[in-house]
2 protein chains.
Amino acid sequence: MADLNTKQKILIASIQLFNENGLANVRLQQIADEIGISVGNLAYHFKNKEAIIEAVNENLDDDITEILSAYRLFPNLIDFDYQLSKYFSFLQKYPFYFLDLLEIERMSPSIHSKRQHHVSKMISQIRRRFDFNQRRGIIIKELREGLYDNLANSIWVMISFWHAQNSARGINGIPTPEKFKEMVWNLVYPYFTEAGKREFEQLIIPLIKHPS
Amino acid sequence: MADLNTKQKILIASIQLFNENGLANVRLQQIADEIGISVGNLAYHFKNKEAIIEAVNENLDDDITEILSAYRLFPNLIDFDYQLSKYFSFLQKYPFYFLDLLEIERMSPSIHSKRQHHVSKMISQIRRRFDFNQRRGIIIKELREGLYDNLANSIWVMISFWHAQNSARGINGIPTPEKFKEMVWNLVYPYFTEAGKREFEQLIIPLIKHPS
DNA sequence: GTCTATAGAGTGATAGAC
DNA sequence: GTCTATCACTCTATAGAC
């Protein structure tokens, strides 16, 4: 961290403190202390707390945009598993974004509105994976109208509230990407065709049972 | 509200304000203003803010305990649908409890630890419904180990983060119990046997499509 | 670019009169 | 039971020296 400029240090420290204490509970003094500068100096680099939050949001926004744009023409099972790994990393990097949902909505409408955009993109992307894999004969025909819309939404919820879920259940152990991904794949499992099950066993099981 | 005593008025107003503004953002002055008393008087009835929160938690605790104890010897589909209706009412009565998750964990460890107890009871209750209905021939044999544990957990997540989900997606319309219950039933649907599908169509569909 | 010092607006809690 | 007045404290933001 020694070769970073002060502005970058502030952002890194802010993200860390937001994750530990929540957006609303982080004091400017804490951020300043964390990197050994004064609050006055902090104010020189960022006009106010909102400006810090805004800058953090830009970093976060770049990360999620990159994950979402990785969706390509061949959204097969491996591709989805890969994207799930990316989501997991994102979750680990910005827990506050998923835990402080309401506080963010209140304190920072701009983060909230960008979130809504990403959420809708993410859900429709997951939804399209079902269509594609249905055509490939991997996923069965929709049993009931709205079932896949519902499933896409459920998968998004399970991903996004992963931290909140663990917190509410009092699960303190170190979360692994394998457990995370298995949770999501289990939602999809009952919709696999026989061919889908075979592909899942061959390609995905090794990834969630024997991590590289 | 005219025939309630001051203590009860304080609790009702507090719940309302917690739901509107979040636990941490409600000022003692606001609560006092809401029912037309002074902050000094508020302090006479409740030693401090924590005491108010504690009392609200007792109400909340009674409500959820009652819902959970309604699980009886015959946990059939109708019974579960009925319990889902109860959960929905509970969600509508105490949104703050499901939205301020992390804030509650930080401000009130006693609420948090009681929550964990209820969560674990709720999930294991849902899990037992699968066993029972599997024996009844309504639910298929478990396709993969851990699938029903996973499903029980997913159902709990979908219920508990219903408000948070709507908030993140920016859904503002009036939520109906039918949409809520349909979301949960859709998670169960792929696991119905043929007999299960028939029972679902006959008994549950009318309840989620044509509300009484 | 960085610091110290302080203004200014809350916020919870308490003392004491009625 | 209910009020007013006030204390002690926290936090953001800003002014001005170096």
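All values below come from the heavy atoms of this structure, side chains included, with hydrogens, waters and symmetry mates left out.
- Taking every side-chain heavy atom of A:L28 into account, D:dT12 is the closest of C:dT2, D:dT12, D:dT2.
- To the nearest angstrom, C1' of C:dT4 lies 15 Å from CG of A:L42.
- Between the CZ atom of B:F46 and the C1' atom of D:dG1 there is a distance of 14 Å, given to the nearest Å.
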Under 3.5 Å between N/O atoms: give me all the protein pairs with nucleotides 14-17 of chain D, atom names plus distance.
none

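- Ring pair A:W162/A:F180 is perpendicular by interplanar angle, where above 60° counts as perpendicular and below 30° as parallel.
- In this structure, CD of B:Q29 is placed 17 Å from P of C:dA9, rounded to the nearest angstrom.
- Proximity of B:Y44 to the phosphate of D:dG1: a side-chain N or O atom is located under 4.0 Å from OP1 or OP2.
- Distances were taken from every side-chain heavy atom of B:S38 (C-beta onward) to each of D:dT12, C:dG1, D:dC3; the shortest belongs to D:dC3.
- Listed by chain and number, the residues in a salt bridge (Lys or Arg N to Asp or Glu O under 4.0 Å) with B:R144 are A:E182 (sequence neighbours excluded).
- By the salt bridge (Lys or Arg N to Asp or Glu O under 4.0 Å) test, B:K181 pairs with B:D81, sequence neighbours left out.
- One can place CZ of B:R27 at 17 Å from P of C:dA9, the figure rounded to the nearest angstrom.
- Following rounding to the nearest Å, B:K49 (NZ) and C:dT11 (P) show an atom-to-atom distance of 10 Å.
- Applying the ring pair (Phe, Tyr, Trp, His ring centres under 6.0 Å) definition to pairs two or more places apart or across chains, those involving residues 15-40 of chain A are A:F18-A:F96.
- The CG-P distance, from A:D33 to C:dT4, rounds to 11 Å in whole Å.
- The CG-P distance, from A:N25 to D:dT10, rounds to 15 Å in whole Å.
- As rounded to whole Å, 13 Å separates atom C1' of C:dC18 from atom CG of B:N41.
- For D:dT2, one of the phosphate oxygens OP1 or OP2 lies less than 4.0 angstrom from a side-chain nitrogen or oxygen of B:T6.
- Among residue pairs with one or both ends in residues 21-46 of chain A, none qualify as ring pair (Phe, Tyr, Trp, His ring centres under 6.0 Å); sequence neighbours excluded.
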With ring pair (Phe, Tyr, Trp, His ring centres under 6.0 Å) as the test, would you mind laying out the steps for B:F90 and B:F98 before giving the verdict?
-> CA-CA 10 Å; B:F90 183 69; B:F98 298 94; 5.8 Å; yes
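- Within the structure, every pair that satisfies the side chain to side chain donor-acceptor pair (under 3.5 Å) test and touches residues 164-173 of chain A, not counting sequence neighbours, is listed here: A:Q165-B:N153, A:S167-B:E105, A:R169-B:N153.
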